[in-house]
Amino acid sequence: MFQVAIDGPAGAGKSTIAKKVAREMGFIYADTGAMYRAMALSCLRCGIDKGDEQAVTEHCNTLTVSLNYENGEQQVLLNGENVNAFIRTEEVGNTTSAISVYRGVREKLLDLQRKLAGDYNVVMDGRDIGTNVLTGAQVKVYLTASVETRAKRRYDELMARGEKGSMEDIERDIRERDERDMNREIAPLKQAEDACYLDSSDMTIDEVTEKIKSLMREAGWK
Ligand code: DC
C-alpha cells in the first residue's frame, strides 16, 4: 500500500490539503485528529476530568472508535454514533490536545490507524504519523504556517460556521496547543528526518497539493 503521512501543528491546513490530495489521487483520507477528538468528546459528555490520566484512560478504554466512509468523506463513529458534527469546536479541540498526551489514549488508536494504512492507499494526517504511526510511509510531509496565519484561518473557519471567537483567544489557544503537542513525552509533534518541510503561509491550497502530488510521483506513484 502507498502511504502519505502529513504532520503539522493546528491550523496548518493539513486536513484541507490531505483531503484534496486523497480525492485527486484516489486514496482514502484518514484524519487521526478526528479519532482523538471523538474520545475527547466522550470525556466532555461524561464529565471526565481531562487532567486525571487514570480516569481518562479508563474511560477511553470503554469506548469503540471506528470509521466509515460516505462519498469519500471520513465519518468517525463513537460507540456506533456518527459524531462528525460535534467534534470541531474549540472546546473539543483543546480537550483533545490535553488527553492525547496520555499513553493509554494513544495506544488505543495506534492499531486502528496502522490497520487502515495496511488495507488502503492512504493520506493520513496528524501529529505523529511520519515519526511514529507510519514510519515507513513513502511520502512524509511536515506542513506548517506562521502562528498568525494559522489563527486567521481558524478564525475564518469559525466565522463561516457562524460561531463566536476572538483572534486573541484563538491565537492564544494555538500557542498553547503547539506547546503541548510539541513537548509531550509520548509521540510529540516534530518533523520526521525524512519529511519534506512545507510552510504554507504564502502558498495556495493548489500549490501545496501539487507539491505533494509531485513528491508522490517522485516516490514511484504513477
Ligand atoms: O488535527 P486536530 O486539530 O484535529 O488534532 C486535535 C488534537 O489531537 C491535537 O491538538 C493533538 C491531538 N492529535 C495527536 O496527538 N496525534 C495525532 N496523530 C492527531 C491529533
Side-chain angles (χ1 to χ4, degrees), residues 3-19 22 29-44 50 53 56-57 60 63 65 67 73-76 78 83-117 122-135 137 140-145 147 149-151 153-155 157-158 161 163 165 170-192 195 200:
Q3 302 168 344
V4 180
I6 304 182
D7 292 303
K14 297 185 299 296
S15 60
T16 306
I17 301 293
K19 217 182 272 183
Y29 164 51
D31 173 357
T32 61
M35 304 175 196
Y36 285 97
R37 283 171 181 266
M39 296 210 288
L41 174 70
S42 183
C43 290
L44 279 167
K50 66 182 180 200
E53 176 168 3
V56 169
T57 307
C60 289
L63 305 174
V65 175
L67 301 177
E73 287 276 320
Q74 174 185 285
Q75 314 290 325
V76 185
L78 174 64
V83 292
N84 265 34
F86 310 115
I87 58 176
R88 298 282 154 211
T89 64
E90 289 301 291
E91 185 189 26
V92 171
N94 291 331
T95 305
T96 308
S97 172
I99 69 160
S100 60
V101 303
Y102 302 139
R103 183 182 301 279
V105 172
R106 305 201 67 80
E107 279 175 355
K108 166 110 189 157
L109 294 176
L110 201 55
D111 281 351
L112 175 64
Q113 292 164 1
R114 288 195 176 138
K115 173 143 197 342
L116 204 62
V122 73
V123 182
M124 186 175 283
D125 77 0
R127 301 293 186 286
D128 62 335
I129 310 308
T131 52
N132 186 43
V133 182
L134 306 178
T135 48
K140 294 183 186 179
V141 172
Y142 188 85
L143 184 64
T144 190
V147 172
T149 307
R150 293 188 281 129
R153 288 177 186 163
R154 277 277 140 123
Y155 179 79
E157 238 174 67
L158 284 183
R161 289 206 303 257
E163 289 178 33
I170 292 173
E171 207 172 301
R172 191 198 57 233
D173 279 355
I174 281 192
R175 285 184 198 280
E176 276 176 17
R177 243 211 267 181
D178 282 0
E179 168 71 21
R180 215 169 18 219
D181 294 349
M182 291 174 180
N183 294 302
R184 69 183 175 217
E185 198 179 320
I186 308 157
L189 168 65
K190 63 169 192 265
Q191 184 183 348
S200 72

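What you see is a predicted model, and the numbers here were worked out from it, not measured in a lab. Just follow the structure's listing: the first ligand is 1, and inside any ligand the first atom is 1.
- Residue-environment remark: CZ (R103) stays at or below the threshold of 12 foreign heavy atoms within 6.0 Å.
- If you check which protein heavy atom lies closest to atom 16 (N) of ligand 1, you get R106 NH2, 3.0 Å.
- Annotation for ligand 1: atoms under 4.0 Å from non-hydrogen atoms of S97 are 10 (O).
- Shortest non-hydrogen contact noted between N84 and V76 is OD1-N, 2.8 Å.
- Here the closest non-hydrogen pair linking Q74 and A34 is NE2-CB, 3.7 Å.
- A distance of 9.5 Å separates CG in L67 from CD in Q75, rounded to the nearest 0.5 Å.
- Within the listing of ligand 1, atoms 3 (O), 6 (C), 10 (O) sit less than 4.0 angstrom from a heavy atom of R177.
- Of the heavy atoms in M39, none comes closer than 4.0 Å to ligand 1.
- For atom 19 (C) of ligand 1, the closest non-hydrogen atom of the protein is T32 OG1, 3.4 Å.
- With respect to atom 8 (O) of ligand 1, the closest heavy atom belonging to the protein is T96 CG2, 3.1 Å.
- Interatomic distance, CD1 of I87 versus CG of L44, reported as 12.5 Å (0.5 Å rounding).
- The protein heavy atom nearest to atom 5 (O) of ligand 1 is R127 NH2, 3.4 Å.
- Residue, atom and distance of the protein heavy atom nearest to atom 4 (O) of ligand 1 are R37 NE, 2.7 Å.
- In this structure, atom 20 (C) of ligand 1 lies nearest to the protein heavy atom G33 CA, 3.6 Å.
- Counting only heavy atoms of the protein, atom 12 (C) of ligand 1 lies nearest to S100 OG, 3.4 Å.
- R150 contributes a side-chain N or O that, together with a main-chain N or O of A145, makes up a donor-acceptor pair within less than 3.5 Å.
- Within the model, atoms CD1 of I129 and NZ of K140 stand 11.0 Å from one another, a figure rounded to the nearest 0.5 Å.
- The nearest heavy-atom contact from the protein to atom 10 (O) of ligand 1 is D181 OD2, 2.9 Å.
- By the 4.5 Å heavy-atom criterion applied to side chains, I186 and V101 are not counted as neighbours.
- Ligand 1 lies less than 4.0 angstrom from a heavy atom belonging to R184.
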